[in-house]
There are 2 protein chains.
Amino acid sequence: MEAVTARSTSIRIVPRTQATRAQAAPAPLKTLCSTCHLRDLCLPCGLGGTDVERLDGLMFARRRVKEGQALYREGDKFQFIYAVRSGTFKSGLTLKDGREQVTGFQMAGELLGLDGLANGQHASSATALEDAEICAIPYAHLSELAASSTDLQHVISRLMSREIVREHSLMMLLGSMNAEERLAAFLLNISQRMKARGYSASEFHLRMSRAEIGSYLGMKLETVSRTFSAFQHQGLLEVDKKHVRILDLEGLTRAFETRVQ
Amino acid sequence: MEAVTARSTSIRIVPRTQATRAQAAPAPLKTLCSTCHLRDLCLPCGLGGTDVERLDGLMFARRRVKEGQALYREGDKFQFIYAVRSGTFKSGLTLKDGREQVTGFQMAGELLGLDGLANGQHASSATALEDAEICAIPYAHLSELAASSTDLQHVISRLMSREIVREHSLMMLLGSMNAEERLAAFLLNISQRMKARGYSASEFHLRMSRAEIGSYLGMKLETVSRTFSAFQHQGLLEVDKKHVRILDLEGLTRAFETRVQ
DNA sequence: CGTCCCTTTGATTACTGTCAATCGTGGTGG
DNA sequence: CCACCACGATTGACAGTAATCAAAGGGACG
């Protein structure tokens, strides 16, 4: 897994762990929410035409992030909320001994960086799992705009609340499920999100490694791999490295619902 | 662990698991933020005098919640954010098979119910671990007020973001720590919060059962009990049921930092 | 004084972690 | 062009931690 730094003129290969921060885009493309194909998934979701037009007025800078590059890191000053336009990100905490805890994976239309509001600096880091593109939404401007639109205020609050709810269910997963239930829950979640984006719900490419899945689900990469194999033997799915095809959605749901119901 | 229903005129004992929802307070006391002893911990924290006075104008209803009573449950309509005035709450999800996943414990000055914004109904439930008192803050009124005060908007956003950050670190705990590290982290967290409230940081009463601690930390109650005993044998603390005295804060911190550093 | 619940402790099981080897792929460099 | 290396994934063997099952003590309360 390697990455090309944006800074060097010649193409230079660096391992992902040494990846540099994302640089300011050389060509700062501006983006309009009103014409964005993700508007029903993303920030403008639920907003009226006038509010969306006011979002347009902010002219979010669009930025490319290469695979392995960090969009922001723990401790970085909080200035932007990021909306994923394309590609996939992982977000998480890096422990001082080098190990990481992945706290989420973000796909197109999902927001990144909301944890930065608490203390004015990011509490987590976000890294691209493939070449990606994001909208950088300046929080100061956004909150200015929100001051004159209660609808926008509500949308932002709702998105933050949704993040809290999402983390609740992840805590349930980490706190009270076994390996098979965790992986089943993870795959069903990915499946739903792929479907919501117009992709197949039953066949997709995972962009994250076994180690990253394991970190997210609170298990070791070997256990992730074994559990994939177990599901395959049970006829629930076909796996080949990162390619997954779900054969028995009900069976997988049952594996998940063993405890959740 | 038993509870007295508020509805019945005669005092009737019900097990906590069958506890009824908190009823509307018979005497709706009103509360002022400006004179509250918790104002530096709670919602008004960081707000200027004029904003706090405007919060006063909302005249939050104060409500008593008996031990074992639910303040709200999953699926309840979201109307209020709650601030704990006194007592301790647990919040969490109840699974359909009856088991619960505790997602947090709330002490005086802490907020409850922020997960309700996402869908207009609470995604979790909150239950008093001892007789408690809360301020019920009508969200509609609060967000009306926030429309004319960017400071208040920021405070609310920051509180929600803080909840997200809190859950991140809990996920790290659940995802990558062993039993001793989890319990050490839990005790250090309680210790800090007690200290912030003017209580001893080294000696306190836990209001939650071993099972509730276990649910929160993703381990079984027997393991919680054993780990307490282990800490006691290591001379890190003295435990007698719910009473805890920390003898060696550095040692406990080391037990926690084994992985976190 | 008996019951119920919480807690503690012991014995055993089982799941997942750890350590290690192998395979396949893709990029590197001779 | 091909051998080599690095990396991710898979699988096996074994170890270790925590779960499970079980029993008993201690308070609180009727």
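Heavy atoms only: backbone and side chains are in, while hydrogens, waters and symmetry mates are out. Chain A is the first sequence line, chain B the second, and so forth, proteins listed ahead of strands; every chain is numbered from 1.
Contact of B:R226 with D:dT20 (side chain to base): a donor-acceptor pair of N or O atoms is detected under 3.5 Å. Below the 3.5 angstrom threshold, one finds no donor paired with an acceptor across the side chain of A:R210 and the base of D:dT11.
For the residue pair B:N189/B:R193, the side-chain donor-acceptor check at 3.5 Å is satisfied.
Of the side-chain N and O atoms in A:T223, none sit less than 4.0 angstrom from OP1 or OP2 of C:dC15. For C:dT9, the OP1/OP2 oxygens have a side-chain nitrogen or oxygen of B:S229 closer than 4.0 Å. Here B:K241 does not reach the OP1 or OP2 of C:dT8: none of its side-chain N or O atoms lies under 4.0 Å away.
Each of C:dT7, D:dG8, D:dC21 was ranked by its minimum atom distance to the side chain of B:S209; first place goes to C:dT7. Which of C:dA20, D:dA9, C:dG17 sits closest to the side chain of A:M219 comes down to C:dG17. Ranking D:dT20, D:dA9, C:dT16 by closeness to the A:S225 side chain, first place goes to D:dA9. Looking at the side chain of A:K242, the nearest of the listed nucleotides C:dT9, C:dT18, D:dA9 is D:dA9. Proximity note for A:A179 (side chain, C-beta onward) versus C:dT16, D:dA9, D:dT20: the nearest is C:dT16.
Between the CD atom of A:E212 and the C1' atom of D:dG8 there is a distance of 11 Å, rounded to whole Å. Between the C1' atom of C:dT16 and the NZ atom of A:K220 lies a distance of 10 Å, rounded to the nearest Å. Residue B:E222 contributes atom CD, which lies 16 Å from atom P of D:dA24 at whole-angstrom precision. Rounded to an integer number of Å, the gap from CG of B:L217 to P of D:dA19 is 11 Å. Rounded to a whole Å, the CG atom of B:L183 is 13 Å from the P atom of C:dT7. Summarising the geometry, the separation between CD on B:Q232 and C1' on C:dT7 is reported as 13 Å, rounded to the nearest angstrom. Atom P of nucleotide D:dA9 and atom NE2 of A:H205 are separated by 11 Å, given to the nearest angstrom. Put simply, CG on A:L221 is 10 Å from P on C:dG17, counting in whole angstrom units.
For B:R197 and B:E110, the salt-bridge test passes: some basic side-chain N is under 4.0 Å from an acidic carboxylate O.
A:F228 carries A:R210 over the face of its six-membered ring, with the cationic atom under 6.0 Å from the centre and within 45° of the normal.
Between B:F105 and B:Y216, a ring centre-to-centre spacing shorter than 6.0 Å is recorded.
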TODO: Decide ring-ring contact (aromatic ring centres under 6.0 Å, His included) for B:Y72 and B:Y82; before the verdict, give the C-alpha distance in whole Å, the side-chain angles of both, and the deciding distance to 0.1 Å.
DONE: CA-CA 10 Å; B:Y72 56 83; B:Y82 302 96; 5.7 Å; yes

